[in-house]
Participant: 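Mind looking over this structure? Questions follow.
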Amino acid sequence: MIHRIDVQVSQMAQGRDAGYDPLGNSIRNQILELGQVVGSVTTGRIFLIDSDADRQAMQQVASQLLADPIVETAQFIDPANLPDDTGRSRIEIHLKPGVMDPVAASTEMAINDMGIAVRQVRTGRVYLIDGIVPQDQLRQIASRVLANGVIESVHFNAYIPQQFEAGRTYSFKLKRIPLRDLSDEQLLKLSREGHLFLSLAEMKAIQMYFCDLDREPTDIELETLAQTWSEHCVHKTLKSAVEVFDETGQRLGQYDNLIKQTIFDSTMQLMNREDPANPFCLSVFKDNAGVITLDETDAVCFKVETHNHPSAIEPYGGSATGIGGVIRDILGTGLAAKPIANTDVFCVAYPDAANPGIVNPHSTVRNLPRGVIHPKRILQQIVAGVRDYGNRMGIPTINGAVYFDDNYLGNPLVFCGCVGLIPRNKINKDAQAGDAIVVMGGRTGRDGIHGATFSSAELTDTHADEFSHAVQIGNAITEKKVGDVILQARDRELFSAVTDCGAGGLSSAVGEMGEKIGAHVNLEQVPLKYQGLRYDEIWISEAQERMVLSVPPDKVTELLELSRSEDVEATVIGTFGTPSAELVLNYSGTEVGRMSMHFIHKGIPMPTRKAVVPTAPVQASITAAELSVPFSPAESSHKTGAIKKQLLATLAHPNVASKHWIIRQYDHEVQGGSAIKPLIGPLQKGPSDASVVRPKLSSPKGVVLSCGMAPYITDPYEMALASIDEAIRNAVCVGGDPDRMAMLDNFCWPSVDDERTMGTLVRACEACRDGALAYGVPFVSGKDSLHNQFTNQETQQVIRIPNTLLISVIGIIDDVRNCLTMDFKGQSTRVLVIQPKDTRPATLARVHRQMAAIIRDRLLTACHDVSDGGIATALAEMAIASGRGLSVAASSMRFDQPRGSYVVELADRVKPEDLSARLADVATIELAGTTTGQKSLTITHNGNTVQDISLDELTAAWLGTLDW
Amino acid sequence: MSQPKVMILRTAGTNCDQETAHAFECAGAVASFRHINELLENKRLLNDYQILAIPGGFSYGDDISSGRILANQIMNHLPEAMRAFVDAGKPIIGICNGFQVLIKTGLLPGTVADNHGQNCTLTHNTSGSFVDRWVHLSRRSQKCIWTRGLAEIELPVAHGEGRFVADSEAVLRGLWADDRVALVYVRDDGSPANREYPWNPNGSVDDIAGICDQTGLVFGLMPHPERYVDPTQHPAWTSQFPRPTHGAGQAIFSNAVEHVGGNVMNLLNV
């Protein structure tokens, strides 16, 4: 039978403050934000336990396991003993069947450990609100604050199921899809209705392949091709041939392979300049992540992925599985790397959208379209997803950014990055014919089917219903265990290749590893979460936390034993290598698929695309629209307090304001290597330009991580260059050296089906090539996501995201003890603004290299980049971070953002001329002010104080906006 | 015994194991990682070690509540082995999740005021959310062997369930009376935090950050001493002149090594 045990904070507890329920309190605050005034909220956890054990045994479970004896009580709920809801309202949230429930799995294990047999556990949450809240109001609270209908069901009474839904038993039936005789129109219909998202040319290539084989394809063969050929997996747009025209129709040229001839090409040129005996780039654009040299024995690798569409529909699960996925990329790089740092960058609409109560909102959105989750909730949930997954994995999340723009309303961007440490002799891998195919980690369920094709399509307001099966909840501890086993197995040399199961599941992992030698898979061997999966679902499900290993036959026993000792499931599901390099899929002895690996990987037709680039570059706006008002310090403005007003407003702008609310929820110090934290200085408030960790605790070597993006610049070429400059400059500020840096590109574009948008993509690729060559910093890995727009199918309104290029920099620092931070260190020290003389990449590159040398030679005691909010904001942030005052000339309180600029504090013994000597031909150096012993920012004009703003006031403005 | 052996206990979700081992090794000990499954199969394994450390992390995901499932495994299968370890005069430390485990086994603070079994807990922070920040701590106990010689110390915390609550005022009074309150959160000037954020980051009663048992051998704390063994781990190290040779957390590991008769090395971290 099913026992229901509810656990909640005890109101009867004796200990001081034992009866306080912080979670209930924070839920109530979120409800108040909706504009609904309600009484106090009590939260509880629901355990539904299917067991034949008697009540006494269940009482033992309740008191010894489920409820904390000091602060909680447990209560049995059954139909004869329903809770008394007089004077209060009840909302219960239960997971829908088949949704990952990590707590339930742990609870089953722990009850069995007590010697009590249990069949299955499921968990839920209950919220009890004091007072009678009308039903429609409860529904709104449930849907806006508490539940996501995609994965959860809401109840307003105590829910006690008679029994859990058992999976249906599956009776095997091979399905063929008649294809050979279809017309073009019918092929497109099949592609659309089967969620294949293949073009007509691709469908025809498949048709021809099966005509040659003289048979119809099976469903699993078609699905395999749809996954492998999806934009998500093959990046067919960036790899395609492109004819480039200007706006008058004149042909400017052609790329046979856009990315290969731009970004890859610049990397190859830079690698050719390397000392072959001492290479920096060790593996570029071929493995899961780019790999660069750390020291003589070890390397570091870095990958950034996006998880945009799942995060739009289920932000918590979407971002958690986003970070989970990129961590698996690192575990699957070479012969496995150890994850040592995470990064995250989010683009969302302004959090004050559609809130009529707010005066002067940043957002221009008045009503949320149907199917769109409110941006504030999106941000809260994606932060929570990264927090819960990253923290549980024990990987410090150390660098990131948040950018607000209303055009991300229906299609937020979630970038998740991971850095790994890998011995240099473990970088290469090759599955060998005869190796066993071993799947390790999570079991396969129906969750996450069509992940790859879903992410390659554009979002509409009905996607939440159509693609709910593509949305998943992660289980970080399963992945942590898998990582622990894989790193031990690597050091014991138990496998010859490894990769992650990403979107496309086993289909892409096995397909990729067996590309050259073929593979034979017995699908019935794959461990399942529940009964009833069809053979094709087993093959393409994206179910999380799985890795595939290629294991030599004589190592299989040892690997399986190692896995068992760490409670990790590992199963042999087939063999690599077939006589003619085919993919052969069997289910219980029946062949369900057989295709050549060559066709799967090389058969995709690559049509030539057309791109139109702007004839004259679009004029770049230099900063976000709200911040772009250039400020001229006229005499009158000092008196009216205009500088102060603008400074406070700028510091409080969401794109400038402190992100401490996010950073502090992440464990950014686990693993013990933290050297430059995201929040630094004596007050732990300073916004560090970049972060530095030591991957090896016995070595002073550091890895610096930084990022840059500039979606507010409309010209794609300038936008890309500005992003590159910001990322490199951020790393230089803390002591990075451009000679020891590499970059990653992440393109997030709206639909590139039209020629002009394709033209913007071409220009951004060209800027990446030109920027990499000018700065001498190679791209080593990248990723793209190309259909980021939202269509409201009721109104046909399309919201396209701004073209967004995230540049992530990774660099090597020889000794972290030479790093620098952005907080002022002294009193009466000189503060200077360094501004490049022009914005050509060659000039900026020289400035940054000189700055790196100046920092290395210890001429500075603080350095900060000028970005959103301009020079005035950079000065204010340095004062806020240090708690030290600054006397500054009104003429330096500028809000523009000259590209490539720095604000620095000179070391005591150093004169401004010492800097001029090194920078004079490429930059202007302006004395902005001096640090003081006062706790204020003192603005002077002609030697007179015209404004005195206390640091407390500046700090409050800067911390307040995103202090949720 | 020049180099004492430390067992770093691991399980699913342990994640501060390597830096904890590093901190012990800097202090002159030899650290080995042991999975709970090994210990359950061979309970005598503990005999080979002089010090036991339960490091931070999210054991079993902190599912149900932080540290609960590992605590139950220990109490269901290893109570005698743990008791024998302490009876032999060997120190045990639980850091963050390890502290949560020791509290939920009842090994910390041990019997207080006739209150057996689990008599205190670590529950959700008053703020309701996870927090990573540096805090100021002050030593209170003379009994705890791990905190000997410390006065005030800065360390980072990183947890969502660190609010210390006792079963009753009697238990709390008993802890103070028996000198078992090892560390409390204080303000930067050393005055009491009085449960005010951010000085007291989680709302613990009496600002309690770490406690020990009646012997002073078993010690648990929410802050992470293993994250401050090198000067560059401090958030403001770039403005510290002169720079210390070690992080202040190192002393905690060195105290245990010294207590079991090892030669304290205080190796430079890098």
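By convention in this document, chain letters (A, B, ...) are assigned in the order of the sequence lines, proteins followed by strands, and residues within each chain are numbered from 1.
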Participant: Taking all atoms of both residues into account, what is the closest heavy-atom pair of F130(B) and Q665(A), and its distance?
Facilitator: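 Reported closest heavy-atom pair: CD2-O, 3.2 Å.
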Participant: Is any side-chain heavy atom of Y60(B) less than 4.5 Å from a side-chain heavy atom of M109(A)?
Facilitator: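 Yes, side chains in contact.
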Participant: Please evaluate residues H224(B) and E669(A) with respect to the criterion side-chain contact (heavy atoms from CB on, under 4.5 Å), reporting the C-alpha separation (whole Å), side-chain torsions for both, the decisive distance (0.1 Å), and the verdict.
Facilitator: CA-CA 10 Å; H224(B) 286 274; E669(A) 299 178 275; over 6 Å; no
Participant: If I measure from the heavy atoms of chain A, does I36(B) come under 4.5 Å with its side chain, its backbone, both, or neither?
Facilitator: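 It is neither, since no heavy atom gets under 4.5 Å.
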Participant: Would a 4.5 Å heavy-atom cut-off, applied to side chains only, mark L679(A) and W134(B) as touching?
Facilitator: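 No, every pair of side-chain atoms sits at 4.5 Å or beyond.
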Participant: Quick one: closest heavy-atom pair of R16(A) and V165(B), and the distance?
Facilitator: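 Where R16(A) meets V165(B) most closely, the heavy atoms are O-CG1, 3.8 Å.
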Participant: Are the side chain of Q233(B) and the backbone N or O of G672(A) linked by a donor-acceptor pair below 3.5 Å?
Facilitator: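 Confirmed, Q233(B) side chain pairs with G672(A) backbone.
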Participant: Let me see the working for D667(A) and R227(B) under salt bridge (charged side-chain N to carboxylate O under 4.0 Å, His left out), right down to the final yes or no.
Facilitator: CA-CA 12 Å; D667(A) 189 337; R227(B) 295 187 187 180; 2.9 Å; yes
Participant: Looking at W237(B) and I676(A), would you say the former's side chain and the latter's main chain have a donor-acceptor pair under 3.5 Å?
Facilitator: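 No, because the side chain of W237(B) does not come within donor-acceptor range (under 3.5 Å) of the backbone of I676(A).
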Participant: Only pairs of heavy atoms separated by less than 4.5 Å count here; which of H124(B), Q73(B), R133(B) has the most with chain A?
Facilitator: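 Answer, by heavy-atom pair count under 4.5 Å with chain A: R133(B).
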Participant: Could you tell me which portion of T14(B) (side chain, backbone, both or neither) has an atom closer than 4.5 angstrom to a non-hydrogen atom of chain A?
Facilitator: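 For T14(B), backbone heavy atoms alone lie under 4.5 Å from chain A.
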Participant: Chain A heavy atoms under 4.5 Å from A12(B): which part of the residue, side chain, backbone, both or neither?
Facilitator: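 Both parts, backbone and side chain.
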Participant: Do D230(B) and R694(A) touch side chain to side chain, with heavy atoms closer than 4.5 Å?
Facilitator: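 When only atoms from C-beta onward are counted, R694(A) and D230(B) do touch, with a gap below 4.5 Å.
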Participant: Looking at every non-hydrogen atom in both residues, tell me the closest pair between L23(A) and G128(B) and how far apart they are.
Facilitator: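 Heavy atoms only, the tightest pair is CD2-O, 3.8 Å.
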Participant: Less than 4.5 Å to any heavy atom of chain A: does that hold for the side chain of D206(B), its backbone, both, or neither?
Facilitator: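 Looking at D206(B), backbone and side chain both touch chain A.
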Participant: Between chain A and each of I69(B), D62(B), T20(B), D63(B), count heavy-atom pairs under 4.5 Å; write down the option with the most.
Facilitator: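 Option with the top pair count is D63(B).
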Participant: With a 4.5 angstrom heavy-atom cut-off, which part of D188(B) approaches chain A: side chain, backbone, both or neither?
Facilitator: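 Neither part.
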Participant: Specify which of S127(B), G117(B), C120(B), G57(B) makes the most heavy-atom pairs with chain A at under 4.5 Å.
Facilitator: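 Most pairs with chain A among the choices: C120(B).
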Participant: Just so I understand: if I count every heavy-atom pair under 4.5 Å between each of V9(A), N391(A), V816(A) and chain B, which residue has the most?
Facilitator: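 Among V9(A), N391(A), V816(A), the one with the most close pairs to chain B is N391(A).
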Participant: So among H668(A), K677(A), R387(A), Q684(A), which one has a side-chain contact (heavy atoms from CB on, under 4.5 Å) with D132(B)?
Facilitator: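 Answer after filtering H668(A), K677(A), R387(A), Q684(A): H668(A).
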Participant: Checking side-chain polar atoms at under 3.5 Å, does D68(A) have a donor or acceptor matched by the opposite partner on T121(B)?
Facilitator: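 Looking only at side-chain atoms, T121(B) and D68(A) do form a donor-acceptor pair, the distance falling under 3.5 Å.
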Participant: Are any non-hydrogen side-chain atoms of Q18(B) and K338(A) less than 4.5 angstrom apart?
Facilitator: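 Sidechains of K338(A) and Q18(B): in contact.
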Participant: Which one wins on heavy-atom pair count under 4.5 Å against chain A: N119(B), V205(B), I64(B)?
Facilitator: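 Max contact count across the listed options: I64(B).
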Participant: Please identify, among H234(B), Q240(B), H77(B), the residue contributing the most non-hydrogen atom pairs under 4.5 Å to chain A.
Facilitator: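 Of the candidates given, the most pairs with chain A belong to H77(B).
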Participant: Quick test of your reading of the model: are D17(A) and R195(B) salt-bridged, counting only N-O distances below 4.0 Å?
Facilitator: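 Judged by the 4.0 Å cut-off on N to carboxylate O distance, D17(A) and R195(B) do form a salt bridge.
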Participant: Taking the side chain as every heavy atom from C-beta outward, state whether D823(A) and T238(B) have any pair of such atoms under 4.5 Å apart.
Facilitator: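 The answer is yes; the side chains approach within 4.5 Å.
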Participant: Taking all atoms of both residues into account, what is the closest heavy-atom pair of I477(A) and G13(B), and its distance?
Facilitator: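 Looking at all heavy atoms of both residues, the shortest contact is CD1-CA, 3.7 Å.
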Participant: With chain B as the partner, which of L65(A), T821(A), L66(A), T107(A) has the greatest number of non-hydrogen pairs under 4.5 Å?
Facilitator: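 The residue among L65(A), T821(A), L66(A), T107(A) with the greatest pair count is L65(A).
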Participant: When rounded to the nearest 0.5 angstrom, what distance separates OG in S129(B) from CH2 in W661(A)?
Facilitator: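 Output value for this atom pair is 9.0 Å.
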Participant: Go through A476(A), S565(A), A104(A), A18(A) and name the one with the most non-hydrogen pairs under 4.5 angstrom from chain B.
Facilitator: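 Among the listed options, the one with the most contacts to chain B is S565(A).
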Participant: Quick one: what part of F824(A) sits under 4.5 Å from any heavy atom of chain B, side chain, backbone, both or neither?
Facilitator: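 Answer is neither: F824(A) stays 4.5 Å or more from chain B.
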Participant: Let me confirm one number: the CE-CG distance from M114(A) to N76(B), rounded to the nearest 0.5 Å.
Facilitator: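 If we round to the nearest 0.5 Å, M114(A):CE and N76(B):CG are 6.5 Å apart.
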Participant: If you measure only the distance, is there a donor-acceptor pair under 3.5 Å linking the side chains of D567(A) and N37(B)?
Facilitator: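 Yes - a donor-acceptor pair under 3.5 Å links their side chains.
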Participant: Which atom pair, heavy atoms only, marks the closest approach of I70(A) to Q118(B)?
Facilitator: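 Shortest heavy-atom separation between I70(A) and Q118(B) comes out as CD1-O, 3.6 Å.
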Participant: Taking side chain as C-beta onward, heavy atoms only, is S239(B) less than 4.5 Å from P682(A)?
Facilitator: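 S239(B) vs P682(A): side chains touch.
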Participant: Calculate, to the nearest 0.5 Å, the distance between atoms OG and NZ belonging to S59(B) and K480(A) respectively.
Facilitator: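 These two atoms lie 12.5 Å from each other.
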Participant: Between G394(A) and N15(B), what is the shortest heavy-atom contact and its length?
Facilitator: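 The answer is CA-ND2, 3.1 Å.
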Participant: Between R10(B) and D484(A), does the salt bridge (charged side-chain N to carboxylate O under 4.0 Å, His left out) criterion hold? Intermediate values first, please.
Facilitator: CA-CA 11 Å; R10(B) 280 179 59 231; D484(A) 290 349; 3.4 Å; yes
